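Keep in mind it's a predicted model, so treat the numbers as computed, not measured. Naming convention: chains lettered A, B, ... in sequence-line order (proteins, then strands); numbering from 1 in each chain. For the numbers below, each heavy atom of this structure counts, side chains included, while hydrogens, waters and symmetry mates do not.
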Amino acid sequence: MKYWLMKSEPDVYSIDTLAKDKTTWWEGVRNYQARNFMTQQMEEGDLVLFYHSNAEPPGVAGIAKVSHKAEPDKSQFDKKSEYYDAKATKEKPQWLCVQVEFVQKFKHLVSLAELRENKSLADMVVLQKGSRLSVQPVDKKHFDILKKLGGV
DNA sequence: GCCAACGTTGGC
DNA sequence: GCCAACGTTGGC
C-alpha cells in the first residue's frame, strides 16, 4: 500500500464535502505528472492526505482512501466544464482520475506552518520550494506523523 | 491582490 | 530542440 497527498481548494471541494458525498471522482487534474501518479501508481486501498490549498490556513484536513483505480475523467468531454479538453475523445481520453472515499477528518487541521515547524517532515514534497504538484507521493513515516498531529 | 515558481506553448 | 512569453498555482 502506498500513501499520497492530494490538494483541493476547500471553496471548491473540502473534506466536509467529501464526508457528505462519501466518495468522489478526483476530476480536473490537468497536469501530466499528477495524472501519471494516479494512472500508474495508485491502487485501491492507498491512503490519501486530503490537503486544503488556497485556504486560511492551508494544511492537511483529513484522510481519504483510493476506492477505485483511474478511469477517464468525464469533465474532459463536457463542453460546459472548465476542465473541457478539445483534444480528448472517448477513444483517446487525455485525462484519467481515481475515485476517493472519505475516511476521517482530522480533529485538528495540521496547517502548513505546523508542517514546516516539524523537522522530521522536512522531506515532504509539499514543503519543497515552489512545489505545486496537486497529487504527490508521501512516505509512510510522514503519513504516520501526520495522523498523530491531526489527533487521530 | 501580489508575485515567485513552475508548466506549457509556439516561433524559430 | 531552444527558449521567451504566457498562464496557472498557491502562499502570503
Side-chain angles (χ1 to χ4, degrees), chain A residues 2-21 24-42 46-66 70-100 102-139 141-143 145-152:
Chain A
K2 292 185 287 296
Y3 300 86
W4 306 94
L5 180 146
M6 295 170 87
K7 297 180 186 173
S8 181
E9 303 192 18
D11 290 348
V12 178
Y13 199 95
S14 74
I15 186 98
D16 293 317
T17 322
L18 182 61
K20 248 181 275 159
D21 290 351
T24 192
W25 289 94
W26 205 262
E27 294 181 346
V29 171
R30 294 294 179 267
N31 170 282
Y32 293 107
Q33 216 183 334
R35 180 199 67 183
N36 291 345
F37 281 131
M38 288 199 283
T39 56
Q40 297 171 5
Q41 295 200 40
M42 276 194 188
D46 285 0
L47 291 173
V48 176
L49 297 172
F50 195 110
Y51 182 90
H52 282 175
S53 61
N54 253 315
E56 188 50 55
V60 179
I63 296 172
K65 76 174 176 193
V66 178
E71 299 283 350
D73 178 336
K74 291 194 177 63
S75 66
Q76 70 194 304
F77 309 123
D78 179 2
K79 285 204 169 91
K80 289 194 275 302
S81 169
E82 62 174 310
Y83 302 122
Y84 176 70
D85 185 340
K87 295 191 294 295
T89 63
K90 296 263 157 92
E91 292 72 32
K92 277 201 168 170
Q94 304 289 308
W95 305 105
L96 292 89
C97 62
V98 296
Q99 185 195 58
V100 302
F102 178 75
V103 174
Q104 59 191 337
K105 183 179 174 177
F106 281 173
K107 289 198 173 60
H108 309 287
L109 180 134
V110 184
S111 70
L112 182 59
E114 274 180 85
L115 296 180
R116 291 197 195 288
E117 279 166 20
N118 195 316
K119 291 285 185 294
S120 55
L121 298 175
D123 292 339
M124 286 185 76
V125 176
V126 72
L127 298 182
Q128 305 314 305
K129 191 177 175 186
S131 169
R132 304 191 329 196
L133 199 55
S134 65
V135 176
Q136 53 181 259
V138 170
D139 289 350
K141 63 180 178 189
H142 293 149
F143 186 89
I145 294 169
L146 255 299
K147 277 183 78 166
K148 284 205 189 78
L149 292 174
V152 297

Got a list of protein N/O to nucleotides 1-5 of chain C N/O distances below 3.5 Å?
none

Please tabulate the protein-to-nucleotide N/O contacts below 3.5 Å involving nucleotides 9-12 of chain C, giving atom names and distances.
{"unit_1": "C/dG10", "atom_1": "OP1", "unit_2": "A/Lys7", "atom_2": "NZ", "d": "3.0"}
{"unit_1": "C/dG10", "atom_1": "OP1", "unit_2": "A/Arg132", "atom_2": "O", "d": "2.8"}
{"unit_1": "C/dG11", "atom_1": "OP1", "unit_2": "A/Tyr51", "atom_2": "OH", "d": "2.7"}
{"unit_1": "C/dG11", "atom_1": "OP2", "unit_2": "A/Asn54", "atom_2": "N", "d": "2.9"}

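Aromatic pair A/Trp26/A/Phe50: ring centres closer than 6.0 Å.
Checked against salt bridge (Lys or Arg N to Asp or Glu O under 4.0 Å), A/Asp85 has the following partners two or more places apart in sequence or in another chain: A/Lys87. Residues satisfying the salt bridge (Lys or Arg N to Asp or Glu O under 4.0 Å) test with A/Asp78, not counting sequence neighbours, are none.
Annotation: the span from A/Ile145 atom CD1 to A/Met124 atom CE amounts to 9.0 Å, rounded to 0.5 Å. Atom CD of A/Gln99 sits about 10.5 Å away from atom CD of A/Glu27, to the nearest 0.5 Å. We find the CH2-CG distance between A/Trp95 and A/Asn31 to be 7.0 Å, quoted to the nearest 0.5 Å.
Residue order along DNA chain B, read from the 5' end via each residue's closest nucleotide, puts A/Lys129 first among A/Lys129 and A/Arg30.
The shortest distance between side-chain heavy atoms of A/Met6 and A/Val29 does not fall below 4.5 Å.
Put simply, OH on A/Tyr32 is 16 Å from C1' on B/dC6, counting in whole angstrom units.
Between the side chains of A/Ser75 and A/Arg30, a donor-acceptor pair is found at a separation under 3.5 Å.
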>> For DNA chain B, please output the secondary structure as dot-bracket, reading 5' to 3'. Pairs are Watson-Crick or G-U wobble, both atom distances under 3.5 Å; mark crossing pairs with [ ], other-strand partners with |, unpaired with a dot.
In response: ||||||||||||
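Residue pairs satisfying the salt bridge (charged side-chain N to carboxylate O under 4.0 Å, His left out) criterion with at least one member in residues 103-124 of chain A, sequence neighbours excluded, are listed as follows: A/Asp16-A/Lys105.
Crowding of A/Lys65 atom NZ: a count of heavy atoms from other residues, nucleotides or ligands under 6.0 Å not exceeding 12.
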